[in-house]
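One structure below.
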Amino acid sequence: QQQVKQSPQSLIVQKGGISIINCAYENTAFDYFPWYQQFPGKGPALLIAIRPDVSEKKEGRFTISFNKSAKQFSLHIMDSQPGDSATYFCAASIMNTGTASKLTFGTGTRLQVTL
Amino acid sequence: EPEVTQTPSHQVTQMGQEVILRCVPISNHLYFYWYRQILGQKVEFLVSFYNNEISEKSEIFDDQFSVERPDGSNFTLKIRSTKLEDSAMYFCASTGAYWGYTFGSGTRLTVV
């Protein structure tokens with residue numbers, strides 16, 4: 001029940017196109033859903049995150065769409081650029097006040113943006 | 001921008017040897033974590049640490065693993081007797097009172 005399922009495993013998008021990565025979770029106690037971007041040899045870097053009280057959050061070219069009833073959330077990258085080529089991980093967590101909160105990661109999507 | 005610093009960046013060790021991976025979390029952060037990522041796989045939670053004790057640990061974090069905050073700045077992960085399957089990238093992370101993890105760049109551990 002702690003799993004976060006992510007798809008697709010890999011994605012090739014042309015420059016200027018829209019990249020869409022999907023995640024689904026089972027544990028309804030999750031209340032924090034971040035997306036991480038990872039370049040080779042580097043640690044994951046927080047890209048954007050959402051709480052379940054909103055259905056969408058946008059930051060620049062990156063948008064999270066959240067569907068609480070379906071227990072799904074997705075990352076949309078508008079106007080994809082070659083510099084966006086990286087591995088993207090969705091994650092989920094239970095944000096308890098006053099205690100450490102572990103992240104449960106999806107399996108990752110390797111995005112390649114071609115010219 | 002504050003960073004989480006990990007050393008060494010790459011460690012090669014013989015099976016059965018002890019290794020210590022070191023991390024310097026962001027100075028005003030309160031919660032500390034270790035995660036690992038086997039090559040090409042997802043990032044997996046190992047352990048969280050708060051107020052000088054383990055908050056939570058995963059099934060991976062067995063008796064061969066230990067964590068310590070020996071002083072006010074360092075946070076270490078020790079693997080007592082390494083196995084081949086311990087080969088992975090190990091990431092340290094820290095968080096403050098609010099959300100938003102900061103991950104280090106990782107230590108690539110290779111057990112031969």
Checklist entry - Same cluster for Ile26(B) and Leu46(A) if Ile/Leu/Val/Met/Phe/Trp/Tyr side chains link at under 4.5 Å? => result no

Next on the checklist: Just so I understand: if I count every heavy-atom pair under 4.5 Å between each of Gly106(A), Pro34(A), Ala49(A) and chain B, which residue has the most?
Outcome noted: Gly106(A)

Next on the checklist: Is it the case that over 12 heavy atoms from other parts of the model lie below 6.0 angstrom from the CZ atom of Arg110(A)?
Outcome noted: no

Next on the checklist: Checking the side chain of Tyr33(B) only, and the main-chain atoms of Ser101(A) only, is there a donor and an acceptor separated by less than 3.5 Å?
Outcome noted: yes

Checklist entry - Can you check whether Lys42(A) reaches Ser105(B) side chain to side chain, under 4.5 Å on heavy atoms? => result yes

Next on the checklist: Is there a continuous path of hydrophobic side-chain contacts, each under 4.5 Å between heavy atoms, that joins Tyr31(B) to Tyr32(A)?
Outcome noted: yes

Checklist entry - Do other residues, nucleotides or ligands put more than 12 heavy atoms under 6.0 Å from Lys15(A) NZ? => result no

Checklist entry - Heavy-atom count around Glu3(B) CD within 6.0 Å, excluding the residue itself: above 12? => result no

Checklist entry - Does any non-hydrogen side-chain atom of Tyr101(B) lie less than 4.5 Å from one of Tyr36(A)? => result yes

Checklist entry - Given side chains that start at C-beta, do those of Gln38(A) and Phe103(B) come closer than 4.5 Å, heavy atoms only? => result no

Checklist entry - Pro44(A) versus chain B, heavy atoms under 4.5 Å apart: side chain, backbone, both or neither? => result both

Item to check | Proximity breakdown for Leu103(A) and chain B, heavy-atom pairs closer than 4.5 Å | outcome: both

Checklist entry - Has Leu84(B) got more than 12 heavy atoms of other residues, nucleotides or ligands less than 6.0 Å from its CG? => result yes

Checklist entry - Tell me, do Phe89(A) and Gln37(B) make a side-chain contact under 4.5 Å, heavy atoms counted? => result yes

Item to check | Within 6.0 Å of CG in Asp63(B), more than 12 heavy atoms from elsewhere | outcome: no

Checklist entry - Quick check: are there more than 12 heavy atoms from other residues, nucleotides or ligands sitting under 6.0 Å from CD of Glu85(B)? => result yes

Checklist outcome for this item: CZ of Phe45(B) to CZ of Phe105(A), rounded to nearest 0.5 Å, is 11.0 Å

Checklist outcome for this item: Between the NZ atom in Lys57(B) and the NZ atom in Lys102(A), the distance rounded to the nearest 0.5 Å is 13.0 Å

Next on the checklist: Please classify the contact between Gln6(A) and chain B as side chain, backbone, both or neither, with a heavy-atom cut-off of under 4.5 Å.
Outcome noted: neither

